[in-house]
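As structure tokens, the structure follows; a few thoughts come after it.
One-based numbering, in listed order, for ligands and for the atoms of each.
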Amino acid sequence: MSMKPTSILLGLLCLGLACVAQAEEPIVIKFSHVVAADTPKGKAAEHFAKLANEKTQGKVKVEVYANSTLYKDKEEMEALQIGSVQMLAPSLAKFGPLGVKEFEVFDLPYIFDGYKQLHTVTQGSIGKDLLAKLGDKGILGLAYWDNGFKVMSSNKALREVKDFRGQKLRIQSSKVLEAQMKALGASPQVMAFSEVYQALQTGVVDGTENPPSNLYTQKMYEVQKYVTKSDHGYLGYAVIVNKAFWDGLPADIRKSLEEAMVESTVYANDIAKQENEDSLAKVKESGKSEIIELTAEQKASWKKALFKVHQQMADRVGADLIESIYKATGNDMSKL
Ligand code: LMR
């Protein structure tokens, strides 16, 4: 059956319209993470979504899925690699299973004495070289976002190193954190973040470590009697994207998103310290757990017990990398 010229014309027009409609569909970036929206990472992710939308005039829509609503720790890494999500910001302690063990250097106890020292690494060449290692895994590292320095929590007051003996403490999937808990005499239990509250509540584990923002927003403090302000280690994030997806974006869109990421990183790293201080103050106000401040002697004995983790883990994360961090920060733990 032959087509009338008018139907051909109509067909072409419709095709054209469909094309226009298609071109107006925004590019969707699914950004999955495991913490509450009201945390440094949660807020920074929302900030990025807003900026990305503005800077691309609505051509990009970033959908943020907080609190493990889309994927838990382990699954989110797999989801990124197969392209089910496009963007994540896992903690630096979670890259070992991916085969990039060097990121666990950030978990070494007391390696950074405050944010300033940390930033010499995350905002300098060491940080850049580490992100580049993700390329082989089909992943592009865009930025480091801060959370903060960790507290230890438990139903037992943890003041002296001997107090850790026999304690079952939840950790992230990092061999450095495993060695850290063992060096203190505790028994480490790897567990997904989304399962920690229940594990603490039911006594599957006695305690855990996290920056105050996570302790507060996950309500862990409601099921922990004591929180020791130890600042014994850092927890922060690498913002990562599926490389094939990112490279496939139109150049102008990618440029706008890169700008949005730079601005969101400044925002994230500006709010993190205060957010953690506020969270700790709220935990204190709640009266549900007692905040323990360590004396200078107690802190020194924690450091002494934990320095061996730097030596034990040198082969895993790289002795040269540890050395270069000591040099960049001026915090040479081997001189303790
Ligand atoms: C944890 O598992 O304790 C943290 O990595 C959660 C997070 O993303 O801050």
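A distance-only check finds no donor-acceptor pair linking the side chain of Gln86 to the backbone of Leu80 [under 3.5 Å].
Around CD of Glu78, the count of heavy atoms belonging to other residues, nucleotides or ligands within 6.0 Å exceeds 12. Atom NZ of Lys219 sits in a sparse spot, with 12 or fewer heavy atoms from other residues, nucleotides or ligands closer than 6.0 Å.
Applying the salt bridge (charged side-chain N to carboxylate O under 4.0 Å, His left out) test to residues at least two apart or on different chains, the pairs with a partner in residues 39-53 are Asp38-Lys43, Lys43-Glu275, Lys50-Glu54.
Under a 4.0 Å criterion applied to the non-hydrogen atoms of Gln172, ligand 1 contributes the atoms 1 (C), 2 (O), 3 (O), 4 (C), 5 (O). Taking a cut-off of under 4.0 Å to the non-hydrogen atoms of Leu235, the atoms of ligand 1 that pass are 4 (C), 9 (O). Atoms of ligand 1 lying under 4.0 Å from any heavy atom of Ser91, numbered from 1 in the order shown and given with element: 5 (O). Proximity to Asn210 (heavy-atom distance under 4.0 Å) selects the following atoms of ligand 1: 3 (O). Remark: ligand 1 atoms within the under-4.0 Å shell around heavy atoms of Val35 are 6 (C), 7 (C), 8 (O), 9 (O).
Counting only N and O atoms by type, the side chains of Gln180 and Glu209 include a donor and acceptor under 3.5 Å apart. When only modelled atom types and interatomic distance are considered, Asp332 and Ser334 share a side-chain donor-acceptor pair under 3.5 Å. Side-chain contact, Tyr65 with Glu63: a donor N or O sits under 3.5 Å from an acceptor N or O.
For atom 1 (C) of ligand 1, the closest non-hydrogen atom on the protein side is Phe193 CD1, 3.3 Å. Nearest to atom 3 (O) of ligand 1 among the protein's heavy atoms is Arg170 NH1, 2.7 Å. What sits closest to atom 2 (O) of ligand 1 on the protein, heavy atoms only, is Lys94 NZ, 2.7 Å. Nearest protein heavy-atom neighbour of atom 8 (O) of ligand 1: Lys41 NZ, 2.7 Å. Atom 9 (O) of ligand 1 has Tyr237 OH, 2.5 Å as its closest protein atom, hydrogens excluded (heavy atom only).
Contact analysis leaves His33 out of contact with ligand 1, as no non-hydrogen atom separation drops below 4.0 angstrom.
Relative to the ring axis of Tyr110, Lys303 places its NZ or CZ within 45° and under 6.0 Å from the centre.
Distances between N or O atoms of Glu209 and those of ligand 1 include no value under 3.5 Å. At least one N or O atom of Asn214 sits closer than 3.5 Å to an N or O atom of ligand 1.
Ring geometry for Tyr267 versus His47: interplanar angle under 30°, hence parallel rather than tilted (30 to 60°).
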